[in-house]
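One-based numbering, in listed order, for ligands and for the atoms of each. For clarity, every value in this text was computed on a predicted model and none was experimentally measured.
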Amino acid sequence: MTNPSDIVWHDHAVNRATREQNLGQRGVVVWFTGLSGCGKSTVANELDCQLSRLGRSTMLLDGDNIRHGLCAPPDRLRTEHSEAFAARFGLGFGSMDREENIRRIGSVAALMASAGLITLTAFVSPYRKDRDHVRQIVEAAGREGDFIEVFVDTPLAICESRDPKGLYKKARAGEIKHFTGISDPYELPENPEIHLPGGEGMSAAEQASVVLRWLIARNVFQAG
Ligand SMILES: Nc1ncnc2c1ncn2[C@@H]1O[C@H](COP(=O)(O)OS(=O)(=O)O)[C@@H](OP(=O)(O)O)[C@H]1O
Ligand SMILES: Nc1ncnc2c1ncn2[C@@H]1O[C@H](COP(=O)(O)OP(=O)(O)O)[C@@H](O)[C@H]1O
């Protein structure tokens, strides 16, 4: 067994403050959470564009994309690794798999924020304890306020009516197990930094601008 004390943290010559100063911004994690189809990816992508147009340094991490690599499912891993490897490290949608998915992403997002990036993440992340754990990881790597939870609160009926990938239809037909909102829980954020009422009232660009204004108001970077 590896003794935790055998793994020693290395402080680097270039620290976070220098990296943030060089970029002229504060490294943060903007954590979009909500049901499948609520608009997380679209709003995060819109915000990424708005920040990029202002010359900010950003990165966007998205559920579907990360599940092609860092958090790939067993089926994808077994094409290049052993069956035992795929079974051990591949991630599905059971509660423990989602816990590990979010733990890995939270750790990577914390590293990106430590590099001074405005790191946007769009994951269902249905379990409150998992989101809270990411908050701890991110703020332990930096300081309080580095983790910004954004709840995209689109009603299930609207998410299901959109169903851009046909997953709700499959879930209703029992073809997908543990589908969030249908056969798996989504634990509502109790006190998100930003609550975006979903539905059709605001465009994704308008929702993204709400987050942008929040970031500017809290001096994550100086606009203009
Ligand atoms: N069972 C089940 N439950 C929920 N979502 C499912 C499931 N199976 C596949 N998908 C698709 O995977 C995307 C969610 O992946 P995430 O990594 O964000 O999920 S989680 O944070 O680990 O809960 C999610 O993408 P988005 O629609 O962009 O949210 C779904 O399209
Ligand atoms: N504010 C909005 N108003 C109307 N449609 C939206 C809005 N935000 C996203 N959409 C649409 O909803 C669907 C799901 O958006 P997506 O970003 O893929 O959701 P998620 O990443 O949460 O699964 C897409 O077709 C997208 O164009």
### Task
Please verify whether a non-hydrogen atom of Leu35 lies at under 4.0 Å from ligand 2.
yes
### Task
Have a look at Thr42, Val152, Thr33 and point out the one with the heavy atom closest to atom 26 (C) of ligand 2.
Thr42
### Spacing of CE belonging to Met96 relative to CG belonging to Asp130, to within rounding of 0.5 Å
11.0 Å
#### Entry: Distance, nearest 0.5 Å, that separates CG of Leu47 from CG of Leu51
4.5 Å
#### Entry: Side chain proximity check, Val124 to Lys40, heavy atoms < 4.5 angstrom
yes
### Query
Are any non-hydrogen side-chain atoms of Thr154 and Arg162 less than 4.5 angstrom apart?
yes
#### Entry: Backbone or side-chain N or O of Cys38 under 3.5 Å from ligand 2 N or O
yes
### Task
Return the set of residues passing side-chain contact (heavy atoms from CB on, under 4.5 Å) with Asp184 (not counting sequence neighbours), or none when no residue passes.
Arg98, Tyr127, His178
### Message
Can you tell me if Ser36 contacts ligand 2 (heavy atom of the residue under 4.0 Å from the ligand)?
### Response
yes
### Message
Could you tell me if the side chain of Ile66 sits less than 4.5 Å from the side chain of Phe123, heavy atoms only?
### Response
yes
### Message
I'd like to know if Gly34 contacts ligand 2, where contact means a heavy-atom distance under 4.0 Å to any ligand atom.
### Response
no
## Note on the structure
Closest to atom 19 (O) of ligand 2 among protein heavy atoms sits Gly39 N, 3.0 Å
### Partners passing side-chain contact (heavy atoms from CB on, under 4.5 Å) against Asp132 (at least two apart in sequence or in another chain)
Arg128
### Task
Tell me which one of Gly37, Ser203, Gly198, Pro197 gets a heavy atom nearest to atom 14 (C) of ligand 2.
Gly37
### Query
Do Phe32 and Cys38 have side chains that get closer than 4.5 Å, going by heavy atoms?
no
### Task
Kindly tell me which protein residues have any non-hydrogen atom under 4.0 angstrom away from an atom of ligand 1, grouped by chain and ordered by number?
Ser36, Gly37, Lys40, Ser41, Gly63, Asp64, Arg67, Phe93, Arg98, Asn101, Ile102, Phe123, Val124, Ser125, Pro126, Lys165, Leu167, Ile176, Lys177, His178, Phe179, Thr180
### Task
Could you tell me whether Arg162 approaches ligand 2 through its side chain, its backbone, both or neither, with non-hydrogen atoms closer than 4.0 Å?
side chain
### Query
Can you list the residues that meet the side-chain contact (heavy atoms from CB on, under 4.5 Å) rule with Ala110, with sequence neighbours excluded?
Ile137, Val138, Ala141
### Query
In ligand 2, which numbered atoms sit nearer than 4.0 Å to a non-hydrogen atom of Gln207?
1 (N)
### ligand 2 N/O within reach of Pro164 N/O, cut-off under 3.5 Å
no
### Query
When you measure from atom 4 (C) of ligand 2 to every protein heavy atom, which one gives the shortest distance, and what is it?
Glu200 OE1, 3.2 Å
### Query
Is it the case that Arg131 places NZ or CZ above or below the six-membered ring of Phe147, under 6.0 angstrom from the centre and within 45 degrees of the axis?
no
### Message
Working to the nearest 0.5 angstrom, can you tell me the gap between Ile194 CD1 and Arg213 CZ?
### Response
10.5 Å
### Task
May I have the step-by-step check of side chain to side chain contact (heavy atoms under 4.5 Å, CB included) for Phe93 and Ile176, ending in yes or no?
CA-CA 10 Å; Phe93 289 90; Ile176 300 179; over 6 Å; no
### Task
Report the part of Cys159 (side chain from C-beta onward, or backbone N, CA, C, O) that has a heavy atom under 4.0 Å from ligand 2; answer both or neither where that applies.
neither
### Task
Could you tell me the separation between the CG atom of Leu60 and the OG atom of Ser52, rounded to the nearest 0.5 Å?
11.5 Å
### Query
atom 21 (O) of ligand 2: which protein heavy atom is closest, and how many Å away?
Ser41 OG, 2.7 Å
#### Entry: Glu206 contact mode with ligand 2 (heavy-atom cut-off under 4.0 Å)
neither
